[in-house]
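Since the structure comes first, as structure tokens, the remarks are kept for the end.
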There are 2 protein chains.
Amino acid sequence: MKKFDKVRYQAMAAVSKALAHPTRLYIVENLKEKSCSVGELTDMIGDDISTVSKHLHILKQNGIVTDQKQGNQVFYKLLCPCVLNIFNCVLDVIQTNTTTSLNLLSRTGRNIR
Amino acid sequence: MKKFDKVRYQAMAAVSKALAHPTRLYIVENLKEKSCSVGELTDMIGDDISTVSKHLHILKQNGIVTDQKQGNQVFYKLLCPCVLNIFNCVLDVIQTNTTTSLNLLSRTGRNIR
DNA sequence: TGCACATTTGGTATAATAGCCAATTACTGT
DNA sequence: ACAGTAATTGGCTATTATACCAAATGTGCA
């Protein structure tokens, strides 16, 4: 693999990795409509606040969210709503998988219900 | 986070994780046009063939590629070309980041060239 | 059958990730 | 300055990923 390509794929992998965690996906999807404080997100998620803070840090580092202080709190919002497209693409892949599995099942004469 | 959501986000994270590696992204992009044998991919990538084989296994497990024996060799191909959309989305994110950085730079009076 | 080639699997060392707790930092209001 | 709330950081441990080598498996052909 050429060095040029390596750099490119590393950059892409970094973004993918940032999204490759259930909690971080949850966060991104919840920031779709409105920005949230760390505390709000923590309540929704149910992990320790330090854990949530670290997830947010990863998302920020990879240019997916930004933060803004408001008094006592820090609000995070989507920096790049284009990430939401990734959601659809990923769901497409999952749906394709599911469809394939269903076809296999039906070919064996079995069915879901 | 509701249990239902958890399952959903875990499924999505699994797909994202499968793509969250430079070599695997490289593989996916190279299977865009034509299917390739493990040996061919190994030559292009330059890692040990066992390493490449394991990457392919991960992609297969997550419904991104399929394999097919042809005599001595195993050819892999994209199961779900919709993954390629993810590439564009990820590149969008990266471009947004880059643009943001450039704006910051220019605001300081500096510039790339 | 036995050899050559292609791929997968097992084993292992190293590195990266995730989560919690405790300690620190930052801001507000008194 | 001090107490109270919000968030980040550091430290620790458990789990997971990655990459190599070596061994095993599978396939085609003499």
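Every heavy atom of this structure was used, including side-chain atoms; hydrogens, water molecules and symmetry mates were not. The shown structure was predicted, so the numbers you read here are calculated from the model rather than taken from an experiment. Lettering of chains follows the sequences in order, A, B, ..., and the numbering in each one begins at 1.
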>> With a 4.5 Å cut-off on side-chain heavy atoms, are M44(B) and L41(B) touching?
In response: yes
> On a plain distance test, is the side chain of N72(A) in donor-acceptor contact with the base of dT5(D) below 3.5 Å?
Replying inline: yes
>> What is the separation between atom NE2 on H21(B) and atom C1' on dA15(C), rounded to the nearest whole Å?
In response: 12 Å
> Please give, in whole Å, the distance from dT8(C) P to L56(B) CG?
Replying inline: 7 Å
> Which residue, K54(A) or Y76(A), contacts DNA chain D at a nucleotide closer to its 5' end, judged by nearest heavy atom?
Replying inline: Y76(A)
> Does a side-chain heavy-atom distance below 4.5 Å link I64(A) with L19(A)?
Replying inline: yes
>> Rounded to whole Å, please give me the gap between CD1 in I45(B) and P in dT7(C).
In response: 12 Å
>> Checking side-chain contact (heavy atoms from CB on, under 4.5 Å) between V93(A) and each of N97(A), T96(A), V90(A), which is the one that passes?
In response: N97(A)
>> By nearest heavy atom, map D67(B) and K17(A) onto DNA chain C; which one lands nearer the 5' end?
In response: D67(B)
>> Less than 4.0 angstrom between a side-chain N/O of K69(B) and OP1 or OP2 of dT27(D), yes or no?
In response: yes
>> Less than 4.0 angstrom from a charged side-chain N to a carboxylate O is my criterion; do E33(A) and K77(A) meet it?
In response: no
>> If I take atom CD in residue Q73(A) and atom C1' in nucleotide dG29(C), what distance separates them, rounded to the nearest angstrom?
In response: 15 Å
>> Does dT17(C) have its OP1 or OP2 closer than 4.0 Å to a side-chain nitrogen or oxygen of H55(A)?
In response: no
>> Closest-nucleotide mapping onto DNA chain C: is T51(A) or S53(B) further toward the 5' terminus? I mean the 5' end.
In response: S53(B)
> So what does S50(B) hit on the nucleic acid, given a heavy-atom distance under 4.0 Å: a base, only sugar-phosphate, or nothing?
Replying inline: base
